[in-house]
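Every chain is numbered from 1 and lettered A, B, ... according to where its sequence line falls, protein lines coming before strand lines.
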Number of protein chains: 2
Amino acid sequence: MLTFSIDKSLTDSKARAGVITTDHGVIHTPIFMPVGTLGTVKGVHMHELRDDINAEIILGNTYHLYLRPGMDVIAQAGGLHKFNGWERPILTDSGGFQVFSLAANRKLTEEGAHFRSHIDGSKHLFTPENVVDIQRIIGSDIMMALDECTPGTAEYRYARKSLDLTKRWLERGWEHYKATAPLYGHYQAYFPIVQGCTYPDLRREAAAHVASLGADGNAIGGLAVGEPAEVMYEMIEVVNDVLPEDKPRYLMGVGTPINILEAIDRGVDMMDCVMPTRNGRNGMLFTPEGTMNMRNAKWAKDFSPLWPDGPSIVDRVYSKAYVRHLFASDELLAMQIASIHNLAFYLWLVRQAREHILHGDFHAWKEEMVKKLGRRL
Amino acid sequence: MLTFSIDKSLTDSKARAGVITTDHGVIHTPIFMPVGTLGTVKGVHMHELRDDINAEIILGNTYHLYLRPGMDVIAQAGGLHKFNGWERPILTDSGGFQVFSLAANRKLTEEGAHFRSHIDGSKHLFTPENVVDIQRIIGSDIMMALDECTPGTAEYRYARKSLDLTKRWLERGWEHYKATAPLYGHYQAYFPIVQGCTYPDLRREAAAHVASLGADGNAIGGLAVGEPAEVMYEMIEVVNDVLPEDKPRYLMGVGTPINILEAIDRGVDMMDCVMPTRNGRNGMLFTPEGTMNMRNAKWAKDFSPLWPDGPSIVDRVYSKAYVRHLFASDELLAMQIASIHNLAFYLWLVRQAREHILHGDFHAWKEEMVKKLGRRL
């Protein structure tokens with residue numbers, strides 16, 4: 001089973017500190033989940049994720065894993081945990097988002113999402129039912145429902161129609177989830193996703209529909225897809241007023257360190273984003289005092305450690321000058337160091353948030369942090 | 001000081017097990033030295049090199065470090081050890097080899113090697129004297145003399161002229177070495193290099209000249225540069241008959257696992273090569289039973305560990321199928337795993353060689369290993 005208990009709630013904030021228990025171990029919330037697109041968090045070893053970054057759960061992308069290595073390989077391996085050696089919880093998305101952002105010739109019908117592979121052009125169909133089957137084969141601890149991720153700039157009429165389709169798909173997926181069993185002996189939860197674009201009435205309706213299922217946890221999708229941050233925050237508030245308090249809330253694909261803290265402040269428990277690894281590979285390092293562009297010549301002779309009392313070994317043993325040299329020379333190690341550092345920073349940030357929730361001063365601490373996190377050093 | 005002691009010699013082989021002691025620690029010979037071109041062994045963290053691969057010494061390339069990050073940065077850092085955080089011994093080449101293989105508009109004169117940077121086209125000059133000064137700034141434990149690396153296919157007349165220049169450069173470099181002092185308080189040795197192409201008389205003459213200096217160690221250069229392997233082995237024998245027994249012998253830039261064992265059998269103590277990391281990045285893994293091309297579909301469903309009782313964590317936790325998937329998906333982690341695995345294998349191979357020398361059965365063991373190492377699995 002997947003259970004959720006709340007250790008502490010606050011009066012001046014919707015933030016809460018909780019614990020999710022899965023068959024692959026516990027997750028302390030609020031939590032950030034590194035993205036392991038193809039069964040690997042880019043540039044990071046599994047033992048680094050576990051022992052140095054202290055990730056408690058990672059993501060896999062159903063769309064990517066379905067195409068490569070493919071379901072026959074994952075099935076023969078005995079699921080993704082066995083295939084990639086990650087023994088802690090795994091969450092998989094439904095693949096819908098990548099169909100829209102990556103695949104060619106995609107087309108939605110009542111049946112599902114038709115698309116061609118971005119790799120070899122082969123034809124495929126994702127349905128609410130078969131993405132449950134695929135995630136059963138992957139063996140993720142938390143599976144996601146197939147939905148249409150409505151663009152943040154969609155007009156009301158389109159958003160209305162899109163939500164109706166997402167709701168029908170959700171009901172089909174939920175029935176199929178209940179009618180199927182795990183393949184590897186461990187429990188798999190199924191999270192429905194609240195869509196509704198930037199329209200409060202649609203968001204409320206979607207949240208009520210999602211809440212009515214009584215799933216183990218609920219997700220908020222379709223945010224950070226083009227709308228202003230303030231609108232995203234407003235939508236989180238609208239949705240979290242409706243979603244049940246006693247189930248974890250997962251904000252999908254968000255975001256900057258500031259977004260993370262603002263979402264926690266509004267009652268979000270789980271988040272994921274490619275930003276720490278993707279921006280890291282481009283030379284951007286997040287720190288408690290703001291961001292550093294490591295390609296900048298200003299670091300060329302700064303021999304101080306990246307972050308002297310930082311949580312990761314890379315923070316303490318490598319200097320800014322050395323990392324700047326590695327980026328200037330396009331060395332692989334530059335991307336490795338930046339990816340580990342940024343993930344360790346994101347995990348540090350949510351652990352700090354949790355400590356401050358438990359201590360009761362989260363809101364004041366968040367206000368101070370938000371002033372610093374957006375600076376460019 | 002740099003000292004060398006021999007723990008064991010053999011009667012049926014020139015192989016010997018020894019210990020080199022430097023101010024940054026001891027090196028057990030025969031040893032393989034991972035190449036850290038720009039102050040980083042590509043794709044590998046310093047702590048992985050130290051704790052997992054168990055490298056006892058790494059290389060830096062003077063040409064590369066001189067251009068990036070440049071001598072002002074290295075000097076302000078307090079040398080390469082401080083800059084990159086590697087606390088064990090470092091050996092640097094003289095930069096001559098890269099001038100010929102990488103730089104544009106290179107030209108040799110009596111004074112030295114004129115070249116333009118392959119990065120920005122800027123003009124530079126390496127002389128026997130200033131490459132000592134540069135390596136003093138880098139602070140390597142073992143510095144190398146500037147030489148002309150004669151192509152393996154050179155005619156006698158050219159090889160003769162080239163060796164004469166190398167000998168004059170060596171005398172100038174040696175004088176400058178003796179006239180200068182370390183900058184950081186630790187001892188720096190200076191190894192002369194035997195050239196002479198594939199001509200036994202030139203090789204003997206060069207070895208005698210090199211031996212006459214009484215340096216802390218001696219190197220054999222200009223091999224594995226186009227000549228057949230048998231010719232390389234013959235040249236090693238010719239040279240090692242002349243080089244002193246009581247000083248370490250370093251065979252530069254060699255080679256395959258078989259080359260490594262054949263060189264050890266002929267009295268070589270130190271080797272380096274980019275092959276484990278470069279071939280690793282392309283998907284080739286070396287094992288005791290032969291090589292594996294990890295892009296090959298034959299590994300797609302082989303869920304056994306890379307090397308179940310291998311020396312590195314990557315050998316034991318990642319399966320062939322997973323690594324094959326990472327290469328097929330062009331994931332960074334593929335290159336990281338292959339680089340670590342191959343370096344750990346090379347270090348395992350020389351440790352095994354040392355054990356068999358101590359045990360007295362090196363030659364027979366080598367004959368068996370050579371039959372297997374060249375196979376394609």
Mind checking which of residues 277-287 of chain A sit less than 4.5 Å from chain B, heavy atom to heavy atom?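 Only Arg281(A) of residues 277-287 of chain A have a heavy atom under 4.5 Å from chain B.
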Counting only non-hydrogen atoms closer than 4.5 Å, can you tell me which residues of residues 313-323 of chain A sit against chain B?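 When heavy atoms of chain B are the reference, residues 313-323 of chain A contributes Ile313(A), Val314(A), Tyr318(A), Ser319(A), Ala321(A), Tyr322(A) within the under-4.5 Å range.
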Pick whichever of Gly39(B), Gly85(B), Ala334(B) has the most heavy-atom pairs under 4.5 Å with chain A.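 Most heavy-atom pairs within the cutoff with chain A belong to Gly39(B).
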Top contributor to chain A contacts, counting heavy-atom pairs under 4.5 Å, from Lys82(B), Arg324(B), His47(B):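 Heavy-atom pair counts peak at His47(B).
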Under 4.5 Å from any heavy atom of chain A, what part of Gln76(B) do you find: side chain, backbone, both or neither?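 Contact with chain A involves both backbone and side-chain atoms of Gln76(B).
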Which answer fits Met46(B), side chain, backbone, both or neither, if we ask what part of it has an atom under 4.5 Å from a heavy atom of chain A?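 Both backbone and side chain.
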Does the plane of the ring in Phe83(B) sit parallel, tilted or perpendicular to the ring in His325(A)? Use 30° and 60° as the thresholds.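 If you compare the ring of Phe83(B) with that of His325(A), the planes turn out tilted.
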Interchain contact, Leu326(A) with chain B, by part (heavy-atom threshold 4.5 Å):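 For Leu326(A), the contact with chain B is made by the side chain alone.
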Heavy-atom cut-off 4.5 Å, strictly under: side chain, backbone, both or neither for Ile119(A) against chain B?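 Neither the backbone nor the side chain of Ile119(A) comes within 4.5 Å of chain B.
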Using 0.5 Å steps for rounding, measure from the CG atom of Leu332(B) to the CE atom of Met335(A).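 So the CG of Leu332(B) and the CE of Met335(A) are separated by 4.5 Å.
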Rounded distance [0.5 Å steps], CG in Leu333(A) versus CG in Asn84(B):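 CG of Asn84(B) is found 10.0 Å from CG of Leu333(A).
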How about CD on Glu87(A), more than 12 heavy atoms from neighbouring residues, nucleotides or ligands closer than 6.0 Å, or not?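 Result for CD/Glu87(A): open.
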Answer yes or no: is there a donor N or O on one side and an acceptor on the other, between the side chain of Gln336(B) and the main chain of His45(A), under 3.5 Å?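 Side chain of Gln336(B) to backbone of His45(A), a donor-acceptor pair under 3.5 Å: no, none is there.
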